[in-house]
Structures are given as structure tokens and as C-alpha cells.
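Only one structure is covered here, and it is reproduced in the block below.
Residue numbers run from 1 in the order of the sequence given. Computed from heavy atoms alone, side chains included, the values below leave out hydrogens, waters and symmetry copies. Atoms within each ligand, like the ligands themselves, are counted from 1 in listed order. Computed from a prediction, not measured in an experiment: that's the story for all the values here.
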Amino acid sequence: MPKAAAQKASALSATARPFTYQSRSLHCDGVSLDSLAEAYGTPTYVYSERQISERFQLFNTAFSSGAAERPHTICYAVKANSSLAILRLLGQQGAGFDIVSGGELERVRKAHKPALQRVVFSGVGKQIWEIDAALKANILLFNVESEAELYLLASRAEALGVRARFALRVNPDVFADTHPYISTGLREHKFGIDITLARAIYRKAKKLKSLDPAGVSVHIGSQIRSVGPFAAATVRVLSLIADLRKDGHDIRYLDAGGGLGIDYHDSLVDSHFNPEQQVHNYAAALSKVLKGVDAHLLLEPGRFIVAQAGALLARVLFVKQNGSKTFVITDAGMNDLIRPALYQAHHEILPVRQPRAGAPELTADIVGPVCESGDFFARDRTLANVKPGDLVLVLDAGAYGMSLTSNYNTRPRPPEALVTNGKAELIRRRETLKDLFGPELLPAG
Ligand SMILES: *Cc1c(COP(=O)(O)O)cnc(C)c1O
């Protein structure tokens, strides 16, 4: 990165998170979390608009100047956090979107319609109505994950009288060190098409007039901290692209997927994680293998853009002792944030009121009210000696938090507040019990 761009980016990304203690109380970009709990109740998701924009711009900047400069579109992965207000924010800044369902397509349309032309559609199980909606919206690219899907896409495009731009999502058989549930780039996973079979499938596709073989895509998984696997996967894709071009295909797009990870263990008060450096390393690793390659680069980051901009604000209901174990029971549960239960994920948890140095601490499981032993946010965690009524903040919950909520235990989903220019605004209200019962039908009698 040239010096000016580096300085600009570093001024932008001064901290890994938007949360800081001010006057011994946690704030989000100058707004006190106490006041948010007062205004919106708990549990509540809180996001920093500033940080979401900055993270998006880190990617944009990294590929806009210097050695990594090349035509590119950053297609934010909607499933990480699909709130309309966040999609609009990113869409207005020029983001494209990586979607995985017809529902997400409608979200993009609602949030920022012009961004439809920058949509890539991934997913192993696309249905006819979803394909049709995306064809009619004239999205940028279908990331096709099986031969059968390709023929379905061809027949739907023909029926609608359009040509479908597609990329095969290839499976590069690259190992990425992450949780097994979010690793996708090995032959044993359900994702993509074996890269060794791809060339033959593109040949068959060439005979189908309703298909435009426009790119190749790859996505090896999520929460990947080292950049090596991304470069390794790209090298394999590049060799396929060279073959495809020899075969006469007009390949214009290289979709390198998403998956760049953050540091969930980073301390808020003594932070070492440098997001700007991470994106810089990622861009450098990709651009090294992409040197001299003429293709429009698509990237699909999700987590990296929104995870650290968001947190889940909760209140302690009870502190209880079972034998030798202490449990801090909060009003947020696994239905509000399932990552610890689903992926054994680590989240830093902080008291909203900053403890004095040397104040007593406790070691406890921080748990929710849901009737599952998997309903925990942290186990054997040492933190300030919190009491019932105290507020706690679960950090790095902006990605795969709200988008993975459920109504399990008939619990209404939490609201979401977005902090913009020192002011908070609800971007989703708290669900009511009436919302929950809405779709249910009671047989007469
Ligand atoms: C989930 C997903 C992403 C985003 O992954 P992150 O780890 O959130 O960056 C990108 N592309 C595809 C195809 C995905 O399934």
C-alpha cells in the first residue's frame, strides 16, 4: 500500500472495536451502553455504523491502489448480518452482495435496489423460484455448485429468454484451519465442484446458448486467520482459468470468496489485533499470485466487515452457585447468540461498568435462560464480580449473531440499534409475542 493510502487506512481503523470505557462506563462511538439499555431494554444488539463502513473501505482501499490495485467488487456476504439498514449502508458505498437465498435477494432489493446488478448468488441448493427471481433481477453472477444446478439454470434462463452469467464454484481441496462446521474447501465437503472436473463441465456449458461462462469462484471457509490458504486456493483457480481461456471461454471474473477471520480473543483494553494489517496481508497474498492476471476480482467478506462492529448487550438476572460452580445468568440466551453453542466460539464479555483496579473478580459460566446445557456464552470465565441488574457486553457479535437468532423457548428476538455520528437509532424493534404467534393456526374447535 502506498504511504498515503496506508496512513488514510490506519487513521480509519484506529481500533479493532468501536467500544471503549469512558468515565468508567462502556460506550459505543460515544454513546453510553447504559443509555441504550435504558432506551431499548435488554438484550439488544448494538452496532457501530462507522466501523462497518471502515471495514468495508479497508477492502476497497486495499485493492484500489498500489501493488494490489485491480478491478474489483467487494460483495458483502449477506448471511453474516442481513439487517436492511446495514445492507443499505454498504450498498450505498458501492458494495456488491453475496447471497445464498431468494430471501436475501429480496433484502438487497429492499435495501438498495441498484446493488442487484452487483449480486453473486451462492449456495448448494438453489430452487427454481430463487433462480428465476435472480435471473429477472439480472444479477451479476450465479455461483453454481453442481452440474445438475447448471442444467437447471440453463433451462430457467432459456424459459425466461435471458442469458445467465455463471461461475462454477470449484472445490480446490485446500485445507483451511478453522472450525470443522465452517470449513468448506475440502473434497469431503458438500460445497462446490471438484476442481479437476470443472473444465469438462465448462465445455458442456459452452453448447448451451442460455449460459455465459463468465467466471470461476472459490470459497474455502470462514474465520480463516492465515492468508496462505486463500493464496493456495487462488493459484489452483488461476490454473483452471488459464485452461478455460485456452478452451475459448471468455472468463472475466475471479470470485475468491470470503472467509477472512478476526481475533475473537483480542482484549478490548489491551488490543493487539490490527484489522488494517490483516486486510493488507490478505490483499498482498492475493495480489502476489494474481500478478499479471487480467480478471475482475470479486471478494465475499462477511464476518470481517461486521463482526467487531457489533456486540450483544445483556443484563445479569441472577448469580447462582451449584456446588463448586458459579453461574451468571443473563437475559440473553443461545437463541440470541448461538455461536458459542454451535461452534464452541469464544466471545470476550465485559461489564458495562468498569471495575476499579484490584476489585474482586469471579470465575463463572456466563449462561442464558434457555433450557439447554449448551446455552452458554462462556465457561469458567474470570470477570468482574457482577451482580444481578448489572449490564454485560458480549463482544464481536456483529456477524452470525442476529442472523442466526431463533425464537427457541418462545423468546422474542432482540432489537438492533445502530450508532451513527454519536447517536443511536433502532434498525429493528424488539419482537413481540404477537409477532411470534402471527403465522400459527389453531384448528377450529
Ligand atoms: C458464508 C460465506 C461467505 C462469507 O464468509 P465470512 O467468513 O463471513 O467472510 C462468503 N462466501 C460464501 C459462498 C459463503 O458461504
Side chain proximity check, R303 to I262, heavy atoms < 4.5 angstrom =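 SC-SC contact between R303 and I262 confirmed.
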
key: Validation row: E104, F97 side chains within 4.5 angstrom (heavy atoms)   = no

ask   = Do D396 and R339 sit within salt-bridge range, that is, some charged N less than 4.0 Å from a carboxylate O?
value =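 So D396 does not pair with R339 through a salt bridge.
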
task = If a pair satisfies ring-ring contact (aromatic ring centres under 6.0 Å, His included) and one of its residues is in residues 205-243, list it, with sequence neighbours excluded.
result =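 Sorted result for residues 205-243: F230-Y282.
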
ask   = Under a strict 4.0 Å criterion on non-hydrogen atoms, which protein residues are in contact with ligand 1?
value =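 Around ligand 1, where the cutoff is 4.0 Å for heavy atoms, the contacting residues are A77, K79, D98, S122, R169, H219, S222, Q223, G258, G259, E300, P301, G302, R303, Y400.
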
message = According to side-chain hydrogen bond (donor to acceptor under 3.5 Å, both in side chains), who are the partners of R315, at least two apart in sequence or on a separate chain?
response = none

ask   = How would you list, by chain and number, every residue that makes a side-chain hydrogen bond (donor to acceptor under 3.5 Å, both in side chains) with Y47, sequence neighbours excluded?
value =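 So Y47 forms a side-chain hydrogen bond (donor to acceptor under 3.5 Å, both in side chains) with N81, E416.
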
